[in-house]
Amino acid sequence: MDFSRVVFWISLATVLLLLILGWHEIRENSEEHAIRKFEITTQHEVDILKKRMKEYERVLRGAAGLYYSSNDITRDEWRKYYQSLQLDLSLPGIQALGFSKIFPKDKLPAIENEIHSTGYPEFSVYPVGDRETYSAIVFIEPFDERNSKAFGYDMYSNPVRREAMQRAIKTGLPSWSNSVTLVQEIDDDIQKGVLVYLPVYNKGEMARSEVERQQAIHGFSYSAFRIKDMMSKIFDQRQKTFDLQIYEDEIAKDKLLFSSGEHFESAKLTEIYNIHLGGVEWVAVFTNNSTFFENDDDYLENWLLGLGVLVILLVAAGILIDDHKRKQLSELNNSMEKRFQDSIIMAELTEMLQSCSHIKDAYPIIAQSMQNLLPDLSGACYILNNSETLLIQQQVWGNKTLFTETFHQYDCWSIKRSAIHNSYDQNLIETKCNHFTNNANGLCVPLLSQGKLIGVLSFSLSPNQVQQIPKQDIDLISSISDMISLSLANLQLRVALHNLSMRDALTGLYNRRFIEECIQREIDRASRNSSSLIIVMADLDHFKHINDNYGHDAGDAVLKTISQLFVGFRNGYDIVSRYGGEEFLFLLTDISQENAFQRLEKLRLQIEDLKVETGGHVIDSLSISIGAATFPEMGTEKEILINRADEAMYLAKNNGRNQIAFYTPKQ
């Protein structure tokens with residue numbers, strides 16, 4: 001055999017061997033990449049599910065706050081509260097939001113009569129039976145055909161529901177039930193259901209220990225879920241590359257709660273997660289479906305294998321093609337690594353934003369995350385002010401000289417277009433936003449929640465960076481802005497619900513529940529520091545006369561106007577609250593009786609000179625009667641001090657009104 005031919009065949013065999021080894025390496029890398037991608041995808045989905053469950057629990061806390069902030073919740077108030085949440089848009093998946101009242105059997109006739117009096121004469125607690133304790137559903141929204149079937153249902157009569165409710169009472173925390181068949185199942189599509197309960201305790205009663213919680217329990221704010229409907233909402237409108245099964249407690253056929261597919265046995269990849277909810281555990285089993293590998297790079301291995309035949313004939317060309325593909329694979333791996341790191345930063349950002357107690361805490365977190373994700377870009381976060389007239393700069397990172405501190409809505413094209421706006425795109429007729437300094441180029445993305453503007457994220461390259469913002473960075477900005485918008489909207493909603501639980505809706509002052517808690521805290525502090533406190537009870541004189549002669553709208557206007565005076569009256573750690581009707585309760589800290597009298601007298605004179613214009617009338621000749629009790633001279637307990645301030649106030653009224661009286665033992 002010709003020596004050159006031997007060398008040729010040896011060369012071809014060597015090249016073929018190298019190609020086979022390269023193909024095998026690519027295949028292994030592709031499999032590792034697929035496993036890693038699937039792990040990231042499924043972990044993200046689990047995080048979404050856990051986050052949604054926490055949001056469902058927060059809805060119950062808001063409902064409990066509504067109860068604590070109101071003297072007596074009506075069915076109309078519960079319905080308006082539910083409608084204000086817009087759960088179909090913000091947190092879809094909840095079948096029902098309701099309130100279940102717990103009571104002994106001797107209260108059963110009274111409870112049913114009370115519901116009858118509200119316009120439901122056919123209401124009755126069911127199932128019928130003699131039980132020591134009942135917990136009947138008295139509020140439920142939406143009150144549609146399906147949910148109306150649960151009206152009056154005694155959930156305490158069911159062992160599974162009762163176990164979750166007792167756990168909620170014991171811990172004082174949200175408690176999820178094991179699977180049940182909801183009484184709302186009225187058609188052929190019978191689904192498994194679960195419920196989550198949050199205990200609501202009697203107002204004014206202590207509920208710190210387990211025994212106290214058992215004694216003080218009033219009822220439960222709760223949500224009901226049809227598992228299939230809930231999961232469809234949570235994972236709706238997203239291209240799913242996986243199938244999901246959820247089991248209760250353990251992986252067993254009779255424990256299956258939800259399944260999104262059928263061919264789990266043929267899947268190549270599987271990830272299992274234990275999800276702990278309040279008192280129960282779910283097992284989530286993720287498997288890849290047929291779409292998972294559609295966008296993957298498995299085709300490379302087959303393509304390179306076919307290329308081997310050509311490389312046998314064209315050795316040089318084959319080597320060049322192989323080098324080129326290796327470079328592509330390296331770039332792909334680098335890209336996936338960066339995406340992986342970006343996903344970690346975004347997951348940390350999501351967790352940190354959910355942990356914020358106030359929206360101002362979120363701005364530094366957003367800035368730091370943006371610097372980590374986009375180190376080449378400078379940026380600023382703007383938030384719309386309360387009057388919705390200006391965008392105010394809250395945080396800036398990178399080159400601070402590129403961004404103005406404030407701007408009007410019409411100065412930003414992203415707000416006008418309600419979409420991301422890139423002034424680097426020279427194809428646009430109008431390219432530049434006026435709020436960048438020196439008419440610089442920039443990219444802006446509006447922060448929107450349910451169509452409502454929250455703020456704007458602005459990005460720009462430094463003047464010495466002449467290139468445009470890369471497309472992958474623009475895609476990343478677009479993705480992360482949606483997450484930031486949702487987080488900021490949730491923070492704003494959380495703050496609003498918190499204010500609702502401790503503020504009077506008409507006057508904006510603190511409510512009765514809040515100030516009573518503050519008084520006890522300040523009494524404890526004053527006892528430790530040997531300092532003084534003064535409890536003040538104030539009542540508008542002849543307020544019924546205003547309502548009778550001018551109408552309740554005029555009475556409300558007077559209360560609002562006087563409340564503004566009370567806000568200005570505050571000094572230091574003083575607290576002013578609306579105690580009920582036209583009564584107001586003040587807490588004055590670290591002040592002598594003489595100084596308190598002078599301040600209260602000044603306030604009394606201001607009210608005496610006050611004129612309120614409303615409904616075409618001018619209401620004047622206003623006056624107020626004020627009673628006060630000092631700590632510790634006139635009492636050391638909260639209830640005693642409030643009662644004695646109230647007695648002093650009635651003394652002021654009996655002595656002719658429009659005056660100040662301090663409680664003395666002679667009273």
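For the numbers below, each heavy atom of this structure counts, side chains included, while hydrogens, waters and symmetry mates do not. This structure is a prediction, so every number in the text was calculated from the model and none was measured.
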With a 3.5 Å distance limit and no angle check, can you tell me whether [X] reaches the backbone of [Y] through a side-chain donor-acceptor pair?
X	Y	result
Ser209	Glu212	yes
Lys192	Leu256	yes
Asn288	Leu269	yes
Ser221	Leu60	yes
Ser418	Ser414	no
Ser478	Ile474	no
Ser179	Gly193	no

For residues [X] and [Y], report the shortest heavy-atom separation together with the two atoms involved.
X	Y	answer
Tyr382	Ala380	CE1-CB, 3.7 Å
Pro446	Ser485	O-OG, 4.4 Å
Leu198	Leu173	CD1-C, 4.0 Å
Cys444	Ser458	SG-OG, 3.4 Å
Tyr153	Arg161	OH-NH1, 3.4 Å
Pro142	Tyr82	CD-OH, 3.1 Å

* In terms of the angle between their ring planes, are Tyr67 and Phe99 parallel, tilted or perpendicular, with boundaries placed at 30° and 60°? -> parallel

* To do: Fit a plane to each ring of Phe225 and Trp176, take the angle between them on a 0 to 90° scale, and name the class: parallel (under 30°), tilted (30 to 60°) or perpendicular (over 60°).
  =>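 Parallel: the ring planes of Phe225 and Trp176 meet at under 30°.
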
[atom2] on [Y] to [atom1] on [X], rounded to 0.5 Å:
X	Y	atom1	atom2	result
Leu377	Ile477	CG	CD1	5.5 Å
Leu443	Asn422	CG	CG	4.5 Å
Tyr247	Ser259	OH	OG	7.0 Å
Ile40	Gln43	CD1	CD	10.0 Å
Ile217	Ile102	CD1	CD1	6.0 Å
Asp154	Ser124	CG	OG	11.5 Å

* Asked: Can you list the steps and then say if Arg58 with Glu55 is a salt bridge (charged side-chain N to carboxylate O under 4.0 Å, His left out)?
  -> CA-CA 5 Å; Arg58 290 191 183 98; Glu55 293 297 335; 2.8 Å; yes

* Asked: Stepwise, does the side chain to side chain contact (heavy atoms under 4.5 Å, CB included) test hold for Phe459 with Met370?
  -> CA-CA 10 Å; Phe459 301 87; Met370 287 300 182; 4.0 Å; yes

* Any donor-acceptor N or O pair under 3.5 Å, side chains Asn147, Glu141 -> no

* Begin with the C-alpha distance, continue with both residues' side-chain angles, and end with the deciding distance and a verdict on side chain to side chain donor-acceptor pair (under 3.5 Å) for Gln95 and Asp229. => CA-CA 8 Å; Gln95 172 61 37; Asp229 291 350; over 6 Å; no

For the residue pair [X] and [Y], establish whether any side-chain heavy-atom pair is separated by less than 4.5 Å.
X	Y	result
Met155	Arg162	no
Ile137	Tyr222	yes
Met230	Ser223	no
Phe139	Leu97	no
Thr133	Phe103	no
Ile454	Leu448	no
Cys381	Trp397	yes
Gln395	Ile365	no

* Asked: Between Tyr134 and Tyr156, does a ring-ring contact (aromatic ring centres under 6.0 Å, His included) hold up when you go through it step by step?
  -> CA-CA 6 Å; Tyr134 297 80; Tyr156 226 57; 9.3 Å; no

* Stepwise, does the ring-ring contact (aromatic ring centres under 6.0 Å, His included) test hold for Phe151 with Phe123? -> CA-CA 8 Å; Phe151 189 36; Phe123 172 84; 4.8 Å; yes

* Less than 4.0 Å between a side-chain N and a carboxylate O, is that true for Glu210 and Arg213? -> no

* **Presence of salt bridge, Glu185 and Arg146, under 4.0 angstrom** =>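 Judged by the 4.0 Å cut-off on N to carboxylate O distance, Arg146 and Glu185 do form a salt bridge.
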
* Derivation of the side chain to side chain donor-acceptor pair (under 3.5 Å) call for Gln245 and Asp243 -> CA-CA 7 Å; Gln245 287 181 317; Asp243 286 320; over 6 Å; no

* To do: Please step through side chain to side chain contact (heavy atoms under 4.5 Å, CB included) for the pair Glu281 and Ile275, ending with a clear verdict.
  => CA-CA 6 Å; Glu281 181 175 293; Ile275 301 174; over 6 Å; no

* To do: Report the C-alpha distance between Lys233 and Leu91 in whole Å, list the side-chain angles of each, state the deciding distance to 0.1 Å, and finish with yes or no for side chain to side chain contact (heavy atoms under 4.5 Å, CB included).
  => CA-CA 9 Å; Lys233 293 293 184 181; Leu91 286 175; over 6 Å; no

* Please lay out, stage by stage, how Thr42 and Tyr273 fare under the test side chain to side chain donor-acceptor pair (under 3.5 Å). => CA-CA 9 Å; Thr42 56; Tyr273 299 90; 2.7 Å; yes

* **CA sep, side-chain torsions, deciding dist, call: Ile246, Val283, side chain to side chain contact (heavy atoms under 4.5 Å, CB included)** => CA-CA 6 Å; Ile246 294 181; Val283 181; over 6 Å; no

